[in-house]
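Because only heavy atoms are used, hydrogens play no part in the values below, and waters and symmetry mates are left out as well, while side chains stay in. Because the structure is predicted, anything quoted here is derived from the model rather than measured.
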Amino acid sequence: MSITRRQALRTAFSAAAVSLAGTSLFRPFLAQAAPAPAAAPAPAGPYVLPPLSYAYDALEPYVDAETMHLHHDKHHAAYVAKLNEAVAAYPELGKKPVDELLRDFQAVPDAIKKAVRNQGGGHANHSLFWKTLAKNGGSGPKGELAAAIDRDLGGLEKFQADFTKEALGVFGSGWAWVIVDPLTKKLSLESTPNQDSPLLEGKTPLFGLDVWEHAYYLKYKNKRPDYAAAFWKVLNWDYVSGQYADLKKA
């Protein structure tokens, strides 16, 4: 059966329309037909995500900008949101700063103990972590902190090697810490799993290194030793030296 010229043109036009449906000409109409779902807002509450005091790329090349963005804006923000969810039914708990909430952990209701341990620990640990990083944080410990490292930890070189060993020895995810004894003000090293904070045991962290993979995997892949070595390039010695001096006075 022969096809008329009009039928041939109609068939060709239909085929072209189907082909164009995937092009930019038709996308605005398709997008209107099937809009993407909006992201759910983070639950509001007493705890807030502290802003960084530096740009995402400030610690390049040791910490890349994309990792800083995801680590702060996504991971830390998630801990804050989930902590707010946990304390929503206990408004009296939300009046406590997160450090105090963790120090008084035994007063936390059993129903939310796990959430406060994990999410509150994640919030407290990261809030301290951001403060202890800087592009030019100083060439080393100063004043009373330098003296304490010599006295308690065998000097700077030995301390850095031992701290790095502590960080590399964390199985899975966790943190390596420099701890200040609240009574004697002596320094010690320890590690904690997951987002456990030294505050849970009444200890005072001076600074710590996050060895969760989300803290380094985009740049360093599985090379945790390289990440741990880079940490010394961005540790804010000026800040931690000042913090130790304040703790000595307390």
Colleague: Measure the shortest side-chain to side-chain distance between Leu200 and Arg117 over non-hydrogen atoms and say whether it is less than 4.5 angstrom.
Modeller: yes
Colleague: Pairs in or reaching into residues 183-211: which pass ring-ring contact (aromatic ring centres under 6.0 Å, His included), with residues at least two apart or in two chains?
Modeller: Phe163-Phe207
Colleague: Partners of Lys131 by side chain to side chain donor-acceptor pair (under 3.5 Å), sequence neighbours excluded?
Modeller: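 Lys131: no side chain to side chain donor-acceptor pair (under 3.5 Å) contacts found.
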Colleague: For the pair Trp130 and Tyr54, evaluate ring pair (Phe, Tyr, Trp, His ring centres under 6.0 Å) and give the outcome as yes or no after the intermediate values.
Modeller: CA-CA 9 Å; Trp130 309 131; Tyr54 40 80; 7.6 Å; no
Colleague: Would you check if Tyr47 and Leu101 make a side-chain contact, meaning some heavy-atom pair closer than 4.5 Å?
Modeller: yes
Colleague: If two hydrophobic side chains count as joined below 4.5 Å and joins carry through other members, does Ile179 share a cluster with Leu102?
Modeller: no
Colleague: Kindly indicate whether the side chain of Leu145, heavy atoms from C-beta on, has any atom under 4.5 Å from the side chain of Leu187.
Modeller: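 In contact.
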Colleague: Is a side-chain donor-acceptor pair under 3.5 Å present for Asp73 with Tyr56?
Modeller: yes
Colleague: Any salt bridge (charged side-chain N to carboxylate O under 4.0 Å, His left out) involving residues 218-230? Give me the pairs, sequence neighbours left out, ordered by first then second residue.
Modeller: none
Colleague: Over all heavy atoms of both residues, which pair between Val211 and Tyr216 is shortest? Give the atoms and the distance, please.
Modeller: O-CE2, 3.6 Å
Colleague: What I'd like to find out is whether the side chain of Pro198 reaches to under 4.5 Å of the side chain of Thr204, using heavy atoms alone.
Modeller: no
Colleague: Cluster question for you: counting only ILVMFWY and a side-chain heavy-atom cut-off of under 4.5 Å, with indirect links fine, are Val234 and Tyr239 together?
Modeller: yes
Colleague: Do Leu93 and Pro109 touch side chain to side chain, with heavy atoms closer than 4.5 Å?
Modeller: yes
Colleague: Which pairs, with at least one residue in residues 157-185 and sequence neighbours excluded, count as a salt bridge (charged side-chain N to carboxylate O under 4.0 Å, His left out)?
Modeller: Lys158-Asp162
Colleague: Could you give the distance from CG (Asp196) to CH2 (Trp175), rounded to the nearest 0.5 Å?
Modeller: 12.0 Å
Colleague: So, for His123 and Tyr79, which heavy atoms are closest and what is the spacing to 0.1 Å?
Modeller: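 Taking every non-hydrogen atom into account, N-CB, 4.0 Å.
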Colleague: Using a 4.5 Å cut-off on heavy atoms from C-beta on, say whether the side chain of Val240 contacts that of Val178.
Modeller: no
Colleague: Which Ile, Leu, Val, Met, Phe, Trp or Tyr residues join Leu70 in one cluster when any pair of side-chain heavy atoms under 4.5 Å counts as a link?
Modeller: Leu218
Colleague: Is the number of heavy atoms from other residues, nucleotides or ligands under 6.0 Å of Glu66 CD greater than 12?
Modeller: no
Colleague: Which heavy atom in Lys113 sits nearest to a heavy atom in Val108, and how many Å separate them?
Modeller: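 Here Lys113 and Val108 meet closest at NZ-O, 2.6 Å.
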Colleague: Return yes if some donor-acceptor pair links the side-chain N/O of His126 with the main-chain N/O of Gly122 below 3.5 Å, else return no.
Modeller: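 A pair under 3.5 Å: yes.
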Colleague: What distance separates Leu206 CG from Tyr244 OH, expressed to the nearest 0.5 Å?
Modeller: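 Result: 8.5 Å between the selected atoms.
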Colleague: Which residue pairs satisfy the salt bridge (charged side-chain N to carboxylate O under 4.0 Å, His left out) criterion with at least one member in residues 92-105, sequence neighbours excluded?
Modeller: Lys96-Asp104
Colleague: Atom OG in Ser197, atom CG in Asn194: separation rounded to 0.5 Å?
Modeller: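 So the OG of Ser197 and the CG of Asn194 are separated by 12.5 Å.
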Colleague: Let me confirm one number: the CG-CG distance from Leu209 to Asn125, rounded to the nearest 0.5 Å.
Modeller: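 So the gap between those two atoms works out to 11.5 Å.
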Colleague: How would you list, by chain and number, every residue that makes a salt bridge (Lys or Arg N to Asp or Glu O under 4.0 Å) with Asp152, sequence neighbours excluded?
Modeller: none
Colleague: For His72, which residues count as a side chain to side chain donor-acceptor pair (under 3.5 Å) partner, sequence neighbours excluded?
Modeller: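 Result, side chain to side chain donor-acceptor pair (under 3.5 Å) vs His72: none returned.
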Colleague: Could you pull out all residues at least two apart from Tyr62 that satisfy ring pair (Phe, Tyr, Trp, His ring centres under 6.0 Å)?
Modeller: none
Colleague: Any donor-acceptor pair under 3.5 Å linking the side-chain atoms of Asn118 with those of Gln195?
Modeller: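 Short answer, no.
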Colleague: When rounded to the nearest 0.5 angstrom, what is the spacing between CD in Glu144 and CD1 in Ile149?
Modeller: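 If we round to the nearest 0.5 Å, Glu144:CD and Ile149:CD1 are 12.5 Å apart.
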Colleague: Does Thr67 use its side chain to pair, donor to acceptor, with the backbone of Val63 at less than 3.5 Å?
Modeller: no
Colleague: Kindly state each residue pair satisfying salt bridge (charged side-chain N to carboxylate O under 4.0 Å, His left out) with at least one member in residues 231-249, sequence neighbours excluded.
Modeller: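 Listed once each, the pairs are Lys142-Asp238.
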Colleague: With side chains defined as the heavy atoms from C-beta onward, is the minimum distance between Tyr217 and His214 less than 4.5 Å?
Modeller: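 Side-chain contact under 4.5 Å: no.
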Colleague: So which heavy atom on Gly120 is nearest to which on Val98, and how close?
Modeller: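 For Gly120 versus Val98, the nearest heavy atoms are O-CG2, 3.5 Å.
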Colleague: In this structure, would Leu168 and Leu153 fall into the same cluster of hydrophobic residues linked by side-chain contacts under 4.5 Å?
Modeller: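 Hydrophobic grouping puts Leu168 apart from Leu153.
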Colleague: Thr192: which residues meet the side chain to side chain donor-acceptor pair (under 3.5 Å) condition with it, sequence neighbours left out?
Modeller: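 Checked Thr192 against side chain to side chain donor-acceptor pair (under 3.5 Å); matches are Trp177.
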Colleague: Check for me whether the distance between the ring centres of Trp232 and Tyr227 falls short of 6.0 Å.
Modeller: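 That pair fails the under 6.0 Å test.
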Colleague: Between atom CG of Leu235 and atom CG of Leu133, what is the distance when rounded to the nearest 0.5 Å?
Modeller: 7.5 Å
Colleague: Going by the rule side chain to side chain donor-acceptor pair (under 3.5 Å), which residues pair with Glu201 if we only count those two or more places apart in sequence or in a different chain?
Modeller: Lys203
Colleague: Any donor-acceptor pair under 3.5 Å linking the side-chain atoms of His71 with those of Trp212?
Modeller: no
Colleague: Tell me the closest heavy-atom pair linking Ala86 and Tyr90, and the distance in Å.
Modeller: O-CD1, 3.9 Å
Colleague: Taking all heavy atoms of Ala230 and all of Tyr220, pick out the closest pair and write down the distance.
Modeller: CB-OH, 3.2 Å
Colleague: Decide yes or no for Met68 and Asp57: does some side-chain heavy atom of the first lie under 4.5 Å from some side-chain heavy atom of the second?
Modeller: no
